[in-house]
Protein chains: 2
Amino acid sequence: MSRCGMIKNARNTPRGPQRREESLSRDRIIEASIALLDSKGEGGLTFRALSERLATGAGAIYWHVENKSDLLTAACDSIIARTMASCVVGATPEATIRTLALGMFDAIDAHPWVGSALTHTAGQLPMVRIVECLGQQVRALGVADKEQWAVVSALLHYILGVAGQNAANTQFARTRSIDRSNFLDAMATVWSQLDPKEYPFARSVAGQLRVHDDCADFLAGIDLILSGIRGLRADRIDLT
Amino acid sequence: MSRCGMIKNARNTPRGPQRREESLSRDRIIEASIALLDSKGEGGLTFRALSERLATGAGAIYWHVENKSDLLTAACDSIIARTMASCVVGATPEATIRTLALGMFDAIDAHPWVGSALTHTAGQLPMVRIVECLGQQVRALGVADKEQWAVVSALLHYILGVAGQNAANTQFARTRSIDRSNFLDAMATVWSQLDPKEYPFARSVAGQLRVHDDCADFLAGIDLILSGIRGLRADRIDLT
DNA sequence: ATTATATTGGAACGACGTTCCATTTATGTC
DNA sequence: GACATAAATGGAACGTCGTTCCAATATAAT
């Protein structure tokens, strides 16, 4: 009766771990899924691979998990929850937002699949966690109530955009069994050979691509938005 | 010999459309793919459905197209190319960036699958087009050479982030055969019922979610970044 | 006409997500 | 301890997908 999305352990049994020690559980499945995704990439999570790793059948997994989408969201949420929990400190709201953004960047660097998973969890738990963390800091920044959602939304979408691209780059490099820097290098080479008439800008930044620091650029973008938020507040004060 | 990515029509035949009128071609395949994606959504693009619509076999399609990823990228590029071509005008660089962003928003609203397709085209043609358009305007804004990539990257990632989320929302709603606004309404309801202790912010903005305008929020984010860029330039002028 | 090449249509393969169900294991009752 | 009920398991089977393969056809070249 405790099927899938139902409440787990509604009537909790008195003592110890019931059932045999090696029994299946939602947590064990999620844990195995994360291990699989980390080691084999986005495409590595299959019910067959999962069955083998857990020494069971596909049907047994479906008893604890709704479907693959549910499983991926749960795995994603597990990473996001940890990440959010580890970034609560910070001197100023701006510093906290930077720390939080950096935490997300590192999390996605360590688990690239989270970047693409986040794209498919619209409005669900992982996203809510991020929105909540960002929102509390935006409030602390003194942004007016009416503008809070737009501001949080800007930060969120920017972070999700970088997350998605980083995930895609890593995944792209993995399928060609080269590493990320080699991929960026190859991309820079292609860009530098574009037609100067049609693509003057792309051609000119190709060199910067080769030596740039993903993380620094990411934080520069966060600072750009934070600076824009400061402008919002300045406008408000000017009017009073 | 003109297989897949090879040069087409290297030795062009003298007169008229060679081969029979209804012959297959890369363009006809891409056109049909777009129609399929628009009408059936992300999952609607299948080599079987494509075969049926084009009255041919799967093997014939593979003669003109490398694989599904190549096909999706080409379809995506077709939309992006049109979008970029239709947004070249504008009074100021800032206005042009806004127009461009708006064009992207509308394009993804009309073809939601483009949002997720863009995530999987890292460094390829569609992305280069967007980078080029943004880059030229950022240059015109007077941003220093060293900072141009970071600024373009921020705008690009923000746009891609919104694109991906909008695509996900539309797709999510489609699979449940409800429309987008009903989905956002349902999401707002869930958020408003969250634990006030744990999710005070998410709970408080739930109401705004119900009545907000996606496009307005998107443009507000663009303005936030543009405002941050203005700040960059101000700093630079202060130093000289 | 005959050969060579470009293109086509569809059968077949292996992998996937998911469903189904017979079987096993635990829990509650007398 | 024996029995009934429910929870949980493992694996076979189904339908769909991307992709490959290849015999058949259409076009071009000689």
Side-chain angles (χ1 to χ4, degrees), chain A residues 1-29 32-33 36-37 40-73 75 120 175, chain B residues 1-4 6-29 32-33 36-37 40-75 120 175:
Chain A
M1 186 45 104
S2 87
R3 183 159 197 160
C4 301
M6 298 290 122
I7 308 98
K8 318 187 253 184
N9 245 1
R11 199 179 352 162
N12 54 349
T13 47
R15 52 183 162 280
Q18 72 273 42
R19 310 211 159 263
R20 67 188 124 99
E21 202 58 38
E22 283 295 294
S23 85
L24 225 45
S25 74
R26 190 165 221 264
D27 285 341
R28 249 170 54 81
I29 292 172
S33 299
L36 225 37
L37 286 161
K40 311 270 165 133
E42 266 180 76
L45 179 59
T46 55
F47 279 84
R48 282 158 173 62
L50 207 48
S51 301
E52 191 174 3
R53 180 180 271 261
L54 292 169
T56 180
I61 296 173
Y62 273 90
W63 180 261
H64 301 272
V65 150
E66 193 94 41
N67 50 37
K68 190 176 180 179
S69 168
D70 175 36
L71 181 54
L72 198 58
T73 301
H120 304 110
T175 54
Chain B
M1 183 48 104
S2 86
R3 182 155 199 163
C4 302
M6 297 289 121
I7 308 99
K8 319 187 255 187
N9 244 0
R11 198 178 353 163
N12 54 348
T13 46
R15 51 186 161 280
Q18 71 275 38
R19 313 212 158 262
R20 68 188 124 99
E21 201 55 39
E22 283 296 293
S23 84
L24 225 47
S25 74
R26 189 165 222 265
D27 285 341
R28 250 170 54 78
I29 293 172
S33 299
L36 224 38
L37 287 162
K40 311 270 165 125
E42 266 179 77
L45 179 58
T46 305
F47 278 86
R48 282 171 233 276
L50 208 47
S51 302
E52 191 174 2
R53 181 179 269 263
L54 293 169
T56 180
I61 296 173
Y62 272 90
W63 180 261
H64 300 274
V65 150
E66 193 93 40
N67 50 37
K68 190 175 181 181
S69 167
D70 175 35
L71 180 55
L72 198 59
T73 301
H120 303 110
T175 53

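Every chain is numbered from 1, with letters handed out A, B, ... down the list of sequences. As a basis for the values below, the full set of heavy atoms in this structure was taken, side chains included, without hydrogen atoms, waters or symmetry mates.
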Beyond-backbone contact of A:Ser25 with A:Ile29, side-chain heavy atoms, under 4.5 angstrom: no
Does A:Lys68 reach the side chain of A:Leu50, with side-chain heavy atoms less than 4.5 Å apart? no
Heavy atoms only, 4.0 Å cut-off, all strands: where does B:Ala55 land among base, sugar-phosphate and nothing? sugar-phosphate
At their closest point, which heavy atom of B:Phe47 faces which heavy atom of B:Asn67, and how far apart are they? CZ-C, 4.1 Å
Pairs under 3.5 Å (N/O, protein and nucleotides 13-15 of chain C):
none

Taking atom P of D:dA8 as reference, at what distance in whole Å does atom CZ of A:Arg26 sit? 14 Å
Got a sec, which pairs hit side-chain hydrogen bond (donor to acceptor under 3.5 Å, both in side chains) with one end in residues 44-54 of chain B, sequence neighbours left out? none
For a side-chain contact (heavy atoms from CB on, under 4.5 Å) check, start with the C-alpha distance between A:Asp70 and A:Arg26, then their side-chain angles and the critical distance, and finish with the verdict. CA-CA 11 Å; A:Asp70 175 36; A:Arg26 190 165 221 264; 2.8 Å; yes
Which is true for A:Leu50 with a 4.0 Å heavy-atom rule: it touches a base, it touches only sugar-phosphate, or it touches nothing? nothing
Could you walk me through whether A:Thr73 and A:His120 pass the side-chain contact (heavy atoms from CB on, under 4.5 Å) check? CA-CA 8 Å; A:Thr73 301; A:His120 304 110; over 6 Å; no
Under 4.0 Å between a side-chain N or O of B:His64 and OP1 or OP2 of C:dT8? yes
OP1 or OP2 of C:dT7 sitting under 4.0 Å from any side-chain N/O of B:Trp63? yes
When you compare the protein's N or O atoms with those of nucleotides 19-23 of chain C, which come within less than 3.5 Å of each other, and at what distance?
none

So A:Leu45, base contact, sugar-phosphate only, or nothing? Heavy-atom distance under 4.0 Å. sugar-phosphate
Would you please name every residue forming a side chain to side chain contact (heavy atoms under 4.5 Å, CB included) with B:Thr175, sequence neighbours left out? B:Gln171
